[in-house]
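In what follows, every chain begins at residue 1, and chains take the letters A, B, ... in the order their sequences are listed.
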Amino acid sequence: ILNVEQSPQSLHVQEGDSTNFTCSFPSSNFYALHWYRWETAKSPEALFVMTLNGDEKKKGRISATLNTKEGYSYLYIKGSQPEDSATYLCAFRVNAGNMLTFGGGTRLMVKP
Amino acid sequence: SAVISQKPSRDICQRGTSLTIQCQVDSQVTMMFWYRQQPGQSLTLIATANQGSEATYESGFVIDKFPISRPNLTFSTLTVSNMSPEDSSIYLCSAELAGSYEQFFGPGTRLTVL
């Protein structure tokens, strides 16, 4: 059983604050690490797929880093906006075509 | 990318009945999956839907309870059989394009069993 953990479970920030959360995963048999953003009643939206140790990816105000040797990834949001409020999920993949093992998610709430 | 639709978006069902959820993808995909998120839990894979053959179920999930069909590359159904309140969850369909690392998700079906 693969253990993927996310912290914190929930986070309340003020508009304009920058924030980050953590995803930890097994450091062996790594293939890819996925980040998703999930708003209620919508499809989980793919943010990043990260495959190489040291990867850094950016999409607007959101960025992510990856450390496969120690088994963690950070997701950063710069200057949080109320529309960033969502649950952010990470998912670990052992090899192509196999299932994604999800963490429990970090629920972000941004207050105007 | 792929756009995935699911029907119904939500339902409230009585104990002992069954519900079939449909998933349609707008692109030809290689892999299709069904996930479940119980209240307060992580997304958990139920099974991989295989075209033209029996689905591959994860530990803890069986075909009698969650029969799955995938008659072609772009369509799959999941049935939740003989439902109990413990089946109240969000059920999501996902798909993976050939040669892509990404899995795309449908909007989910929110099921409440009374």
Problem set entry | Check: Leu92(B) and Pro44(A) side chains under 4.5 Å, non-hydrogen atoms |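 Pro44(A) reaches Leu92(B) side chain to side chain.
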
For this session: Answer yes or no: is there a side-chain heavy-atom contact under 4.5 Å between Trp38(A) and Gln37(B)?
Result: yes

Problem set entry | chain B contact via Thr87(A) - side chain, backbone, both or neither, heavy atoms under 4.5 Å |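 For Thr87(A), neither part sits under 4.5 Å from chain B.
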
For this session: Would you mind checking which part of Thr101(A) comes under 4.5 Å of any heavy atom in chain B, side chain (CB onward), backbone (N, CA, C, O), both or neither?
Result: neither

Drop me the distance from [X]'s [atom1] to [Y]'s [atom2], to the nearest 0.5 angstrom.
{"X": "Leu100(A)", "Y": "Glu96(B)", "atom1": "CG", "atom2": "CD", "value": "7.5 Å"}
{"X": "Glu102(B)", "Y": "His34(A)", "atom1": "CD", "atom2": "NE2", "value": "8.0 Å"}
{"X": "Met99(A)", "Y": "Thr56(B)", "atom1": "CE", "atom2": "OG1", "value": "12.0 Å"}

Considering residues, nucleotides and ligands other than [X], do more than 12 of their heavy atoms fall under 6.0 Å from its [atom1]?
{"X": "Glu45(A)", "atom1": "CD", "answer": "yes"}
{"X": "Glu15(A)", "atom1": "CD", "answer": "yes"}
{"X": "Arg61(A)", "atom1": "CZ", "answer": "yes"}

Give a yes or no on whether [X] and [Y] share a hydrophobic cluster (residues Ile, Leu, Val, Met, Phe, Trp, Tyr; joining criterion: side-chain heavy atoms under 4.5 Å apart).
{"X": "Leu78(B)", "Y": "Tyr57(B)", "value": "yes"}
{"X": "Ile68(B)", "Y": "Leu73(B)", "value": "no"}
{"X": "Tyr35(B)", "Y": "Leu111(B)", "value": "no"}

For this session: Below 4.5 Å from any heavy atom of chain A, which atoms of Glu58(B) appear? Answer side chain, backbone, both or neither.
Result: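 Looking at Glu58(B), just its side chain touches chain A.
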
For this session: Please state whether the side chain, the backbone, both or neither of Arg110(B) comes within less than 4.5 Å of a heavy atom of chain A.
Result: side chain

Exercise. Where do Gly106(B) and Ser43(A) come nearest, in terms of heavy atoms and distance?
Worked result: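 Scanning both residues, the minimum pair turns out to be C-OG, 3.1 Å.
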
Problem set entry | Residue list, side-chain contact (heavy atoms from CB on, under 4.5 Å) with Pro39(B), at least two apart or on another chain | none

